[in-house]
Amino acid sequence: MRTFFQLLLLGLLTLAFSSCSDHENEDEKSSSSRLLGISCTGEDYSYWERYTYDSEGRIDRVHNPDGWKTFVYQKDTIFCNFDNYQIAYSVKDNKVDNWAYYPDPSPYDKDTPAEKFDYKSNRLMSWTEATLPPTEIKWEDDDIVSIDNDIYTYTGIPASYAGYQFSPASFLDNGLYAMGLFGERSKRLPLTHTCYSIDLQQKGGVLKRTLQLFYKETFDYMVKDHHVVSCEKTTEFYDGTVNVYHYALTWE
């Protein structure tokens with residue numbers, strides 16, 4: 001599932017702009033502005049997404065280089081339509097309980113949830129895919145600090161300044177996540193995201209599990225009038241490779 005939703009993630013991350021430290025301990029300010037689009041550029045890489053909203057302020061269409069994604073909201077189900085398939089999100093107590101492909105592309109059964117989500121006090125704590133072990137989420141105060149082997153640290157910038165981008169859980173559908181359909185969100189924007197891979201080795205008849213650094217992302221946000229208008233993401237890989245990505249956000 002993570003591979004699939006990383007595509008969404010790529011889609012996921014004063015007149016003088018302010019840096020992260022300028023917002024330490026600043027109270028969150030609400031805004032009626034809506035995010036209209038985001039673009040990302042890097043070496044030999046370019047991506048963009050544009051968003052439209054329905055009369056109730058919900059995202060109803062997403063346009064990117066691959067085409068259109070549309071949302072249809074029903075009482076207990078939200079259909080996300082792509083070019084040749086749908087995803088059906090089942091909603092319970094105003095949160096996504098599970099999702100499944102519909103109609104069924106093999107090997108999934110449309111009557112069996114592709115993923116099941118578990119909450120505690122309105123916080124997403126884990127999700128389970130088929131027969132795989134649950135993916136666990138750990139919270140500290142008001143922020144997600146780990147998702148399995150992914151570790152997060154934070155700035156003092158309220159997450160609302162970036163709409164639904166750069167969230168630790170943005171491999172979930174960004175639009176539904178922003179509307180609270182996956183429960184509570186982290187309150188601040190991440191400063192770093194460190195991803196570890198698992199190394200399993202058999203030693204003396206004992207299977208040992210160790211974590212090895214895969215990559216580390218560092219975010220540098222530029223804020224104007226309580227909105228993130230740009231972000232520079234630096235990704236450092238275990239082999240010393242460094243990639244830099246530039247995001248630009250457009251607001252209503």
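Because the structure is predicted, anything quoted here is derived from the model rather than measured. In this chain, numbering begins with 1 at the start of the sequence shown.
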- Task: Mind running side chain to side chain contact (heavy atoms under 4.5 Å, CB included) on H193 and F166 for me, showing each step along the way?
- Result: CA-CA 10 Å; H193 164 215; F166 310 113; over 6 Å; no

- Just how far is it from atom CG of L189 to atom CG of D143, taken to the nearest 0.5 Å? 9.5 Å

- Item | side chain to side chain contact (heavy atoms under 4.5 Å, CB included) partners for Y238, two or more places apart | F214

- Less than 4.5 Å apart, any side-chain heavy atom of S230 and any of H246? no

- Message: Applying side-chain hydrogen bond (donor to acceptor under 3.5 Å, both in side chains), can you list everything that pairs with E184, at least two apart in sequence or on another chain?
- Response: R123, K187

- Task: Applying salt bridge (Lys or Arg N to Asp or Glu O under 4.0 Å), name anything that partners E43, two or more places apart in sequence or on another chain.
- Result: none

- Task: Mark yes or no: K95 above the aromatic ring of F117, with NZ or CZ under 6.0 Å from the six-membered ring centre and no more than 45 degrees from the axis.
- Result: no

- Message: Do Y152 and T192 have side chains that approach each other closer than 4.5 Å (heavy atoms only, starting at C-beta)?
- Response: no

- Does W68 share a hydrophobic cluster with F71, counting links as ILVMFWY side-chain heavy atoms below 4.5 Å and allowing steps through other members? no

- List in chain and number order the residues that pass side chain to side chain contact (heavy atoms under 4.5 Å, CB included) with K138, two or more places apart in sequence or in another chain; answer none if no residue qualifies. V145, S146

- Query: Just checking, is any N or O donor in the side chain of T155 or Y221 under 3.5 Å from an acceptor N or O on the other one?
  - Reply: no

- Message: Check the orientation of W99 and Y89. Use parallel for under 30°, tilted for 30 to 60°, and perpendicular for over 60°.
- Response: tilted

- Taking the six-membered ring of Y53 as reference, does the NZ or CZ atom of R58 fall below 6.0 Å from its centre and within a 45° cone about the axis? no

- Does the D142 side chain pair with the main chain of S186, one donor and one acceptor, at a distance under 3.5 Å? no

Listed pairs under 3.5 Å, donor-acceptor, residues 75-82 side chains, sequence neighbours left out:
unit_1	atom_1	unit_2	atom_2	d
N81	OD1	Q86	NE2	2.3
N81	ND2	T70	OG1	3.3

- Query: So do T241 and N243 actually touch side chain to side chain, heavy atoms under 4.5 Å?
  - Reply: yes

- Query: Who passes salt bridge (Lys or Arg N to Asp or Glu O under 4.0 Å) against D66, sequence neighbours left out?
  - Reply: none

- Task: List in chain and number order the residues that pass ring-ring contact (aromatic ring centres under 6.0 Å, His included) with F237, two or more places apart in sequence or in another chain; answer none if no residue qualifies.
- Result: Y215

- Would you check if L213 and Y196 make a side-chain contact, meaning some heavy-atom pair closer than 4.5 Å? yes

- Residues two or more places apart in sequence or in another chain: which of them pass side chain to side chain contact (heavy atoms under 4.5 Å, CB included) with D60? T52, D54

- Got L35 and W251 here, is their nearest side-chain heavy-atom distance under 4.5 Å? yes

- Of all residues at least two apart in sequence or in a different chain, which pass the salt bridge (Lys or Arg N to Asp or Glu O under 4.0 Å) check with R50? none

- Task: Would you please name every residue forming a side-chain hydrogen bond (donor to acceptor under 3.5 Å, both in side chains) with S121, sequence neighbours left out?
- Result: none

- Query: Between Y245 (side chain) and S46 (backbone), is there a donor-acceptor pair under 3.5 Å?
  - Reply: no

- Item | Residues, nucleotides or ligands: over 12 heavy atoms within 6.0 Å of K216 NZ | no

- Heavy atoms of H227 and S33 approach each other most closely as NE2-CB, 3.3 Å

- If only atom types and distance count, is the side chain of Y47 paired as donor or acceptor with the main-chain N or O of I38 below 3.5 Å? no

- Item | In one Ile/Leu/Val/Met/Phe/Trp/Tyr side-chain cluster, 4.5 Å: L249, Y45 | yes

- Residues in side chain to side chain contact (heavy atoms under 4.5 Å, CB included) with K120, at least two apart? M125

- Task: Report yes if the side chains of V91 and D97 come closer than 4.5 Å at any heavy-atom pair, otherwise no.
- Result: no

- Rounded to the nearest 0.5 Å, how far does OG1 of T234 lie from CG of D220? 8.0 Å

- Message: Rounded to the nearest 0.5 Å, what separates atom CD1 in I144 from atom CH2 in W139?
- Response: 4.5 Å

- Query: Under 4.5 Å between any side-chain heavy atoms of K69 and I59, yes or no?
  - Reply: no

- Note on the structure: OG1 of T135 to CG of D148, rounded to nearest 0.5 Å, is 4.5 Å

- Measure from the side-chain N and O atoms of W48 to the backbone N and O of T41, and report whether any donor-acceptor pair falls under 3.5 Å. no

- Task: On the 0 to 90° scale, with breaks at 30° and 60°, tag the H226-Y161 ring pair as parallel, tilted or perpendicular.
- Result: tilted

- Item | E136: partners by salt bridge (Lys or Arg N to Asp or Glu O under 4.0 Å), with sequence neighbours left out | none

- Task: Compare all side-chain heavy atoms of R185 with those of Y177 and state whether any distance is below 4.5 angstrom.
- Result: yes

